[in-house]
Amino acid sequence: MTQRSTAMNEKIAWQGTLVSVQPRIRLTRSFDQRNHSYLGYALRVQGIIGEDEREFTVGIGKAARLRHQFRAGDIVSGMAQPVADERTESVELYKASRLKVVERAADVVTVPPPWLGLPPELPVYRQRGHRRLDARTYQAKCLGCIWGCRMPVEMIIDQWNPSQKRYRFETFCYGPKSCSLYRAGPTRKVPGRKGMSWEEENWVDEDATAHRGEDE
Ligand code: SF4
């Protein structure tokens, strides 16, 4: 085993305050087709990881979310491992263990947006559907919101040769369509074979969220 892989497999102790709990969802694109994998939740933590004090992200499964009911403001601790492939994960660390709520956040009622508090179960996100969210808006306004999601995207360029892939990240909003902070940003293009590309136009988002009213 190489030195690097040994280090990658070692778990690191961390502790800090939860900035947000967002869904951890991976998107696979093949031209105009898309498929979601519901992996769990991403904890954004401001605190200490190993020897460093900074903001970092930890992936947890849905069972851990149910057990601990994590929400923004909680002080939490645990151990976790650096992800093996940063292209396919939106978090820095995963395989979390020894998770603990050191101190529960005080019950403070905040006026959304953004929506803080306990995120819903993963099937709720699937049922709601998403709209594309401008990456800069996500970074500036939505990092704390339970409806924001930064997905790792795996793009299969040629369906007859699925090993030909490209990777990127895309940001989405599962929140109410009336959210005053929402900005769609530019449409997204998906590369295909022989230099072709498919543009994901506004109707895709309208279709995915047509079953919801403006304030749902
Ligand atoms: S745009 Fe979406 S993710 Fe951002 S605050 Fe509004 S509902 Fe939340």
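Counting convention: from 1, in listed order, for ligands and their atoms alike. Along the sequence shown, residues are numbered consecutively beginning with 1. Any value given below was found using the heavy atoms of this structure, including those in side chains, with hydrogens, waters and symmetry copies removed.
Y174 does not carry R128 over the face of its six-membered ring by the limits of under 6.0 Å from the centre and within 45° of the normal. A cation-pi contact links R126 to Y38, judged by a cut-off of 6.0 Å to the six-membered ring centre and 45° from its axis.
Of all protein heavy atoms, the one lying nearest to atom 2 (Fe) of ligand 1 is C173 SG, 2.4 Å. Closest protein heavy atom to atom 8 (Fe) of ligand 1: C145 SG, 2.4 Å.
Between R166 and I157, the closest side-chain pair of non-hydrogen atoms falls below 4.5 Å.
Using a cut-off of 4.0 Å between Lys/Arg side-chain N and Asp/Glu carboxylate O, K177 and E216 are scored as not salt-bridged.
With a cut-off of 2.8 Å, atom 2 (Fe) of ligand 1 has no N, O or S atom of C179 in range.
Contact atoms of ligand 1 toward G148: 3 (S) (distance under 4.0 Å to a heavy atom of the residue). Here is the list of ligand 1 atoms found below 4.0 Å of a heavy atom in C142: 1 (S), 3 (S), 4 (Fe), 5 (S). In summary, the atoms of ligand 1 found under 4.0 Å from a heavy atom of W115, numbered by their order in the structure, are 7 (S). Shown in contact with G175 at under 4.0 Å from a heavy atom are these atoms of ligand 1, numbered in order with element: 7 (S).
Checked against the 6.0 Å centroid threshold, W147 and F172 do not count as a close aromatic pair.
Results of the salt bridge (Lys or Arg N to Asp or Glu O under 4.0 Å) test with E170 over R131, R132, R150, R29 single out R29 as the only residue that passes.
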